[in-house]
J.: 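Once you've had a glance at the structure underneath, I'll fire off some questions.
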Amino acid sequence: MSFKPTPNDKFTFGLWTVGNPGRDPFGEPTRPTWSPAEIVDMLGEAGGVCGVNFHDNDLIPIDATDAEAASIKKDFSAALNRTGLKVCMATTNLFGDPVFKDGGFTSNDADVRAYAVHKTMRAMDLGAEFGAKIYVMWGGREGAETDAAKDPVESLNRYRDAVNFLTNYNKEKGYGYRFALEPKPNEPRGHIYLPTVGHLLAFIQTLEHHADVGVNPEVAHEHMAGLNFTHAVAMALWAGKLFHIDLNDQAYGRYDQDFRFGSENPKAAFFLVKLLEDHNYDGFKHFDSHAYRTSDRADVIEFARGSMITYLRLADAAKRWNADARVKQLLASMPKAEGGVPATYSPGAAADLHARSFDRAAIAARSLPYEALDQRTIEILMGG
Ligand code: GCO
Ligand code: MN
Ligand code: MN
């Protein structure tokens with residue numbers, strides 16, 4: 001087995017991920033700032049990448065003149081052509097500029113709210129120009145350090161008004177975007193609104209064009225909230241709302257680490273990949289992570305390759321798990337799962353269930369060899 005990625009695997013990277021210069025809150029960049037075209041070339045060198053994603057200002061700096069923008073776009077398009085990469089997802093930077101110090105869509109300042117929607121409309125135009133069909137909204141600055149600042153109910157109204165406006169703009173322009181909203185509990189705000197996948201799923205149901213809006217869950221974000229990411233993704237899949245996914249890794253209880261996918265907790269990554277593969281997720285798999293600050297250009301390319309290879313190896317492990325004789329034998333030895341609660345209610349079914357007697361002690365004594373099953377899982381992950 002070669003584990004060689006191909007564009008059919010739908011692996012993507014953001015300009016801001018591979019291009020991350022290694023700045024952190026305590027130290028200056030350790031790598032040069034590469035241009036968008038140079039980053040696309042690096043992804044071309046990594047091999048097998050399907051596409052690249054960007055925030056409006058990853059491609060066009062916020063203060064660029066029209067002439068500068070045109071020249072950047074020309075270089076970027078040439079790099080896309082020579083590498084065969086596509087633009088798969090676009091998004092807006094509503095967090096970097098000081099104007100967004102108190103949020104964008106939920107800012108207390110009406111002009112900031114209008115500017116955030118204006119900037120997003122233009123970023124949608126830019127993404128559409130390059131063929132993106134997924135539009136991510138990550139509200140990193142939508143939140144508060146103190147609840148003295150804003151009414152959190154009013155914030156949800158403002159958030160909803162902005163998303164409703166933008167989904168209407170999408171329809172009017174015929175862009176065909178599917179929107180993927182990305183939750184995160186904190187960083188950069190002390191408390192971000194809509195902090196988890198579950199919160200977003202409830203919010204989305206209240207939107208005018210809710211069928212066009214789903215979620216973009218990220219491993220690190222649910223782990224920062226102390227949650228099981230596989231369960232969060234399962235709920236999004238179950239709701240038909242898994243429109244995009246951000247893969248990376250993160251130790252529980254630490255700062256926002258953005259580590260290479262599978263590098264911190266390969267067992268959790270295995271169950272995630274198994275879920276995505278078992279349920280035929282066919283959207284983009286975006287590695288929203290960056291190389292260690294110690295990495296140079298060559299090592300950043302290794303980081304990109306490693307992200308994809310880990311996914312492919314875990315998908316192979318999931319196949320081996322599903323086909324494994326010992327796993328099958330253990331699963332077959334467990335209590336039968338079929339039946340249970342009647343799928344449709346009827347007075348007769350209710351009367352039958354009401355009258356049924358259960359041998360609680362005998363049922364409780366049934367064997368559940370989950371230790372053996374988990375050990376076999378670990379062995380499969382270790383290669384045998
Ligand atoms: C983060 C987020 C971002 C978003 C990106 C796309 O923690 O900073 O994950 O990387 O995914 O802004 O909108
Ligand atoms: Mn993140
Ligand atoms: Mn992300």
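Just so you know, ligand 1 is whichever comes first in the structure, and atom 1 is the first atom listed for that ligand. For reference, positions follow the sequence shown, starting with 1.
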J.: Among all protein heavy atoms, pick the one closest to atom 13 (O) of ligand 1 and tell me residue, atom and distance.
T.: T91 OG1, 3.0 Å
J.: If you measure from each heavy atom of E187 to ligand 1, is any distance below 4.0 Å?
T.: no
J.: To check your reading of the model: name the closest protein heavy atom to atom 4 (C) of ligand 1, its residue, and the distance in Å.
T.: E182 OE1, 3.4 Å
J.: Taking atom NZ of K86 as the centre, report whether more than 12 heavy atoms of other residues, nucleotides or ligands fall under 6.0 Å from it.
T.: no
J.: Mind telling me whether F287 and F261 have parallel, tilted or perpendicular rings, with 30° and 60° as the class edges?
T.: tilted
J.: As an exercise, state the distance from CE of M235 to NZ of K241, rounded to the nearest 0.5 Å.
T.: 12.5 Å
J.: Please list the nearest protein heavy atom to atom 5 (C) of ligand 1 with its residue and the distance rounded to 0.1 Å.
T.: H55 NE2, 3.3 Å
J.: Would R178 count as a cation-pi partner of F243, with NZ or CZ less than 6.0 Å from the six-membered ring centre and within 45° of the ring normal?
T.: yes
J.: At what distance is the nearest protein heavy atom to atom 3 (C) of ligand 1, and which residue and atom is it?
T.: D288 OD2, 3.5 Å
J.: Would you please test D125 and K173 for salt bridge (Lys or Arg N to Asp or Glu O under 4.0 Å) and show each step?
T.: CA-CA 9 Å; D125 302 342; K173 290 285 170 183; 5.9 Å; no
J.: If you measure from each heavy atom of H221 to ligand 1, is any distance below 4.0 Å?
T.: yes
J.: Do any N/O atoms on K184 end up under 3.5 angstrom from N/O atoms on ligand 1?
T.: yes
J.: Given that the side chain starts at C-beta and the backbone is N, CA, C, O, which of these parts of D256 lies under 4.0 Å from ligand 1, counting heavy atoms, or is it both or neither?
T.: side chain
J.: Where the Mn ion (ligand 3) is the centre, what is the OE2-to-OE1 angle for E182 and E218, rounded to 10°?
T.: 100°
J.: Can you name the atoms of ligand 1, numbered from 1 with element, that are less than 4.0 Å from a heavy atom of E218?
T.: 9 (O)
J.: Using a 4.0 Å heavy-atom cut-off, say whether D258 meets ligand 1 through its side chain, its backbone, both or neither.
T.: neither
J.: Which atom name would you report as the N, O or S atom of D246 nearest the Mn ion (ligand 3)?
T.: OD2
J.: Could you pull out the atom name of the N/O/S atom in D288 that is nearest the Mn ion (ligand 3)?
T.: OD2
J.: Does CZ in R254 sit with more than 12 non-hydrogen atoms of other residues, nucleotides or ligands closer than 6.0 Å?
T.: no
J.: Taking only heavy atoms of D246 into account, list the atoms of ligand 1 that are under 4.0 Å away from them.
T.: 11 (O)
J.: Decide if atom CZ of R23 counts as having more than 12 heavy atoms of other residues, nucleotides or ligands within a radius under 6.0 Å.
T.: no
J.: Show your reasoning for whether side chain to side chain donor-acceptor pair (under 3.5 Å) applies to S263 and D249.
T.: CA-CA 6 Å; S263 62; D249 215 346; 4.5 Å; no
J.: Quick one: do R297 and E45 make a salt bridge, cutoff under 4.0 Å?
T.: yes
J.: Measuring from the Mn ion (ligand 2), name the closest N, O or S atom belonging to H221.
T.: NE2
J.: What protein heavy atom lies closest to atom 8 (O) of ligand 1? Include the residue and the distance to one decimal.
T.: W138 CH2, 3.4 Å
J.: Hey, does the side chain of N216 reach the backbone of L181 with a donor-acceptor pair shorter than 3.5 angstrom?
T.: no
